[in-house]
Asker: 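I have a structure here, written as structure tokens, and I will follow up with some questions on it.
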Amino acid sequence: MSPSRPVVLVTGAGGYLGRRLGRRFLDRGDHEVVLTVRTEAGRSALAHDLAPASARAQIVVADLGAPDPFTDVDERLRRRITHIVHAAAVTRFNVDRELARQVNVEGTGHVVTLARQCPHLVRLAHLSTVYATGLREGVILEEPDDGAAGFANAYEWSKGAAERCVVDQGDDLPWTVARVATVVADDESGRVTQHNAFHETLKLCFYGLLSLLPGRADTPLYFVTGDAVTDAVARLSDPAAPGGVYHVAPDRSATLTLEQVLDLAFTRFEQDEEFRHKRILRPLLADRESFELLVGGVSSFAGSLVHRALANVAPFARQMYVAKVLDNRRLGAALPQHRAPDPAALVTATVDHLVESRWGRRSEVVA
Amino acid sequence: MTPSFLGGLSFALGGRKLSVEESVAAGRTLSGEAELSDAGFRFHHVCTDDESAYDLALAAVGGRPDQPAGIDAIVYATCLPVNANLAPPSRFEASGDVKDLMDYPASRLQAALGLDRAIVVGVGQQACTSMLGSIRLARGLLAAEPEMERILCVSADRFPPGARYEQAYSLISDGAASCVVTRHDGDYRLVAAHHITNGAMVSAGDDETVGAYFSYTHRLVTELLAKAGRTPADLAWVVPQNTDPKAWRILARLLGLDDERVFAASLADVAHVISGDNVVNLSWLEERGVLESGDLVVLVMAGYGMNWQALLVEKT
Ligand SMILES: NC(=O)c1ccc[n+]([C@@H]2O[C@H](COP(=O)([O-])OP(=O)(O)OC[C@H]3O[C@@H](n4cnc5c(N)ncnc54)[C@H](OP(=O)(O)O)[C@@H]3O)[C@@H](O)[C@H]2O)c1
């Protein structure tokens, strides 16, 4: 007998996308919502953040690095779960391979195991990344990838391995893999509440700490907003949308090249009096070997700030030389109403927000 | 522009040669031995207690086989303003007389060398680029004043007692350098000079200094070559400042140069001699006997202020 009300379990519900997805299901009101977080502290923080709606959610602690993380999801609940949205992961690009393996790969294995124990499951939606295909170049279809192209870092590798875990171990499950592009802003207003490598790199350029960037001028960059991803993943979690791999990313025609992004960013930077005053030059795009020399040599000609800065940029540097053409026809067919924002407007609005808020330090602008 | 030439390169270093290990142990550096060694530094030269920057200048000029004769001007550069006054600070403190702030080394040098005809010009506020700035100024003087024939350029600095001997991740040596800029004949023809100043970065920290290094140096060299109607492919040698060679390996790639052509072989032995590096390295290059007539050499320097200067010279 099928349960009357769908029950959705969202992992990583304390994270940027997991929280948005949890809130979205709560706001819809037609789902019973189970949210999982890594720690007790995470549970309190999430309950506080989602209040008063959190009263309608069950918040469960499940550390995906543990051997049996879902002990608090009891048998009765398992029998009622209809949807699992797996958003938990260690998302740092510089995560070490062991932790990435434990949480992102084996953790996904635990989620697949849980899914198997949910007899009424209609969708297992796994959040992946467009970089799960690693260093693969050219046209990339919305289909499983064998990881043969290699990876720029352990994060990517683990996301690729996690996808294969879902596809291989969950072959009899109603799985969907949503490969998400880089989230640069919450929405098209350019508001940013979670900083990632994109924001950190621009910050280094703004403060004149990085005059060399890795990459080729014509490398396309795929940007999305948190809102658009939340909407797409929530819709793809509905069994009305066919399962399989999706690229939650704009198509190539709605992307900007690395050079165009830098142009837009610096055009905005140069409107800032403080920045203009310092006459910071646009960064040079370094070939791979030059950038690797910089990263390798930085300990002897740069201080801790630049050191730390490069540690943020270096793990994804190799991707900046890889031209991916993401095919998203399956996404278009499944979600015909989904539209990509104008990339130039999105980048401009985002950079505007970053500059105005000084990357979140001027909190009154962020609020 | 009136043709002008460069020659008579010479330099002098502080009297105490210390290893990286010794100076790290003595607390003269910020970085540790591993970082400085990794950046290629082995030794540096520090003045003895009784050695002044002026002594180094005198040694640099006097040490040359061809004693300067018939010099029309002395352009005397210091990186540190404190080296432009020979009187000890205690003298002014005692007298309250500003004359005690104007005991100029350039005047003393003129008198000591008996260069009675020479006028003296002090150059300051260009930090490590001040030797290149002096040569540029000398070139301008020759162009503006037809009666001038030979100009002696000197730069001399020592760090004050108690100073850290590390700046922007480079190990420093006290030292002086000299050369002569002439209207006729010389070892090198001066082809072009270029200078960028970004005054807003005057108080830049080490991280910002390093941050700006690549983009500004790239711009400097690109604009210098454009001025001369040349391309990086025309360069036989790049003679930079003594900083981590990895920086120039990167820059060479960015400029499309063969990094074998970047010559800073003195780095390990003499470290960063404030504004004397180009003279030291070019002298070493001369000694190797690899320079050929017609070779284009670019001398490049970055310094506080912030200043970036470069000279393009052609071996005669
Ligand atoms: N945001 C993007 O630009 C983007 C782009 C492409 C793909 N994605 C994918 O989307 C998913 C969500 O990303 P996000 O941006 O929301 O990342 P996020 O903000 O870093 O959130 C990840 C969440 O996973 C949780 N987590 C980490 N280790 C865990 C463990 N051992 N057990 C249980 N939970 C654990 C974290 O909890 P703690 O904070 O307590 O550690 C956090 O709440 C990830 O799979 C990511 O790969 C995101």
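So that the names make sense, note that chain A is the first sequence line, chain B the second, and so on, each numbered from 1. Quick caveat, the model's predicted, so the values are computed rather than measured.
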Asker: Which pair of heavy atoms, one from S211(A) and one from F214(B), lies closest together, and at what distance?
Answerer: OG-CB, 3.4 Å

Asker: Output the option from A252(B), G205(B), S215(B) having the highest count of non-hydrogen pairs under 4.5 Å with chain A.
Answerer: S215(B)

Asker: Would the number of heavy atoms belonging to other residues, nucleotides or ligands and lying under 6.0 Å from CZ of R219(B) be above 12?
Answerer: no

Asker: For L204(A), which atoms come within 4.5 Å of any heavy atom of chain B: side chain, backbone, both, or neither?
Answerer: neither

Asker: Do other residues, nucleotides or ligands put more than 12 heavy atoms under 6.0 Å from R164(B) CZ?
Answerer: no

Asker: Using non-hydrogen atoms and a 4.5 Å limit, figure out which bit of F41(B) sits close to chain A: side chain, backbone, both or neither.
Answerer: neither

Asker: What part of L171(B) lies closer than 4.5 angstrom to a heavy atom of chain A: side chain, backbone, both or neither?
Answerer: neither

Asker: Looking only at heavy atoms, what is the nearest atom pair of L209(A) and E208(B), with distance?
Answerer: CD2-N, 4.0 Å

Asker: State, to 0.1 Å, how close K278(A) and M201(B) come at their nearest heavy-atom pair, and which atoms those are.
Answerer: O-CG, 3.9 Å

Asker: Can you give me the closest heavy-atom contact between I250(B) and L293(A), atom names plus distance?
Answerer: CG1-CB, 3.6 Å

Asker: Please report the interatomic distance CG(L294(A)) to CZ(R253(B)), rounded to the nearest 0.5 Å.
Answerer: 12.5 Å

Asker: Contact part of F291(A) toward chain B, heavy-atom cut-off under 4.5 Å: side chain, backbone, both or neither?
Answerer: neither

Asker: Determine whether more than 12 heavy atoms belonging to other residues, nucleotides or ligands lie under 6.0 Å from atom CZ of R279(A).
Answerer: yes

Asker: About how many Å separate CG of L254(B) and CG of D287(A), when rounded to the nearest 0.5 Å?
Answerer: 7.0 Å

Asker: Do other residues, nucleotides or ligands put more than 12 heavy atoms under 6.0 Å from the CD atom of E98(A)?
Answerer: yes

Asker: Could you tell me whether Q125(B) atom CD has more than 12 heavy atoms of other residues or ligands within 6.0 Å of it?
Answerer: no

Asker: So with a 6.0 Å cut-off around CD of E21(B), is the heavy-atom count from everything else above 12?
Answerer: no

